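Remember, predicted model here, so these are calculated numbers, not experimental data. For ligands, and for the atoms within them, numbers begin at 1 and follow the listed sequence.
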Amino acid sequence: MAEQKTVTFIITRQDSPDSAPYDETFNVPYRKNMNVISGLMEIRKNPVNAKGEKTTPVAWDMNCLEEVCGACSMVINGVPRQSCAALVDELEQPVRLEPMSTFPVVRDLVIDRERMFDALKQVKAWIPIDGTYDLGPGPRMPEKKRQWAYELSKCMTCGVCLEACPNVNDKSNFIGPAPISQARLFNSHPTGEMNASERLEGLMEDGGLVGCGNSQNCVQVCPKGIPLTTSIAAMNRAATVQSFKNFFGSDNAH
Ligand code: SF4
Ligand code: FES
């Protein structure tokens with residue numbers, strides 16, 4: 001009988017946020033069209049490492065399984081990406097899985113993306129709606145603009161662009177490309193633009209636009225193809241206009 005084909009995963013594990021990381025190797029049965037998550041599920045079903053020792057199941061995060069929620073991001077063979085969208089057939093073996101280094105590790109491949117949500121708060125990446133009553137339909141956007149905004153709205157806060165950015169690290173508090181692009185999205189919304197200056201103020205704070213070193217890595221790794229460098233350039237221009245307004249004390253300057 002033909003031997004069962006296997007896939008080898010080398011996984012960086014960490015038992016708790018403060019404990020030291022270590023590598024553990026697993027051989028899991030190969031299945032056609034399997035993705036990295038189905039490999040991790042096999043390990044969870046049968047947590048025995050390549051040495052034949054019983055171990056704890058590997059922890060990872062996931063939700064949508066269709067590259068929409070961003071929860072399953074990890075570094076796969078050195079590249080930050082979504083593990084649900086990573087097909088084993090397209091990966092070199094052994095498959096190396098590591099947690100993203102930009103975020104604190106909770107356990108194994110599970111990281112805490114809180115800094116991204118804090119950054120979205122810093123730039124007020126939402127549209128404030130007053131009251132709990134029905135406000136009726138909002139203003140319509142021209143179709144072309146709607147299509148453009150839809151592209152920016154695809155951001156899933158996955159963190160891959162922060163992981164790829166050399167300026168997001170322990171020594172800087174740069175918020176990273178994603179929240180800057182989200183500020184641009186909400187500033188271009190017909191209702192959201194009323195609070196545009198507040199978002200720009202957030203971007204002009206410590207850790208905001210000044211942190212970008214223009215490495216352009218972000219735009220290459222974003223799985224949603226979001227034009228991050230264009231967004232950063234646009235927000236830089238808008239922030240310059242805003243600082244003139246602040247200096248001359250006029251809200252009416254354009
Ligand atoms: S901009 Fe792209 S890479 Fe960055 S968090 Fe959003 S979806 Fe992920
Ligand atoms: S599980 Fe949602 S993006 Fe992978």
- Task: Number the atoms of ligand 2 from 1 as they appear, then name those within less than 4.0 Å of a heavy atom of Asn63, with their elements.
- Result: 1 (S)

- Query: What's within reach of atom 6 (Fe) of ligand 1, meaning protein N/O/S atoms under 2.8 Å?
  - Reply: Cys155 SG

- Message: Any salt bridge linking Glu42 with Arg31? Criterion: basic side-chain nitrogen under 4.0 Å from a carboxylate oxygen.
- Response: yes

- Can you list the atoms of ligand 1 that are under 4.0 Å from a heavy atom of Met116? 5 (S)

- Quick check: does any side chain N or O of Asn195 sit under 3.5 Å from a backbone N or O of Glu198, one acting as donor and the other as acceptor? no

- Message: Under the side chain to side chain donor-acceptor pair (under 3.5 Å) definition, can you give me all pairs with a residue in residues 137-146, not counting sequence neighbours?
- Response: Glu143-Arg146, Glu143-Gln147

- Asn27 side-chain N/O to Ala50 backbone N/O, donor-acceptor pair under 3.5 Å: no

- Message: Taking side chain to side chain contact (heavy atoms under 4.5 Å, CB included) as the definition, give me every residue that meets it alongside Thr191, ordered by chain and number, with sequence neighbours left out.
- Response: Ile127, Pro139, His189, Met194

- Which atoms of ligand 2 sit under 4.0 Å from any heavy atom of Cys72? 1 (S), 3 (S), 4 (Fe)

- Query: Looking at Pro223, which atoms of ligand 1 are within less than 4.0 Å of one of its heavy atoms?
  - Reply: 3 (S)

- Output the list of atoms in ligand 2 that are nearer than 4.0 Å to some heavy atom of Cys64, sorted by atom number. 1 (S), 2 (Fe), 3 (S)

- Task: Sequence neighbours left out, what pairs pass salt bridge (charged side-chain N to carboxylate O under 4.0 Å, His left out) with at least one residue falling in residues 17-28?
- Result: Arg13-Glu24, Asp23-Arg96

- Would you mind running through ligand 2 and noting each atom that sits below 4.0 Å from a heavy atom of Cys69? 1 (S), 2 (Fe), 3 (S)

- Task: For Gly70, counting its heavy atoms only, list the atoms of ligand 2 lying under 4.0 Å from any of them.
- Result: 2 (Fe), 3 (S)

- Item | Residue, atom name and distance, where the atom is the protein heavy atom closest to atom 1 (S) of ligand 2 | Leu65 N, 3.1 Å

- Message: Taking 4.0 Å as the limit for heavy-atom contacts, which would you say applies to Val68 with ligand 2: side chain only, backbone only, both, or neither?
- Response: backbone

- Item | Interfacing atoms of ligand 2 (cut-off 4.0 Å, heavy-atom, Glu67) | 3 (S)

- Query: Are Asp118 and Arg115 within salt-bridge range, i.e. N to O under 4.0 Å?
  - Reply: no

- Message: Quick check on contacts: which atoms of ligand 2 are under 4.0 angstrom from a heavy atom of Cys84?
- Response: 1 (S), 3 (S), 4 (Fe)

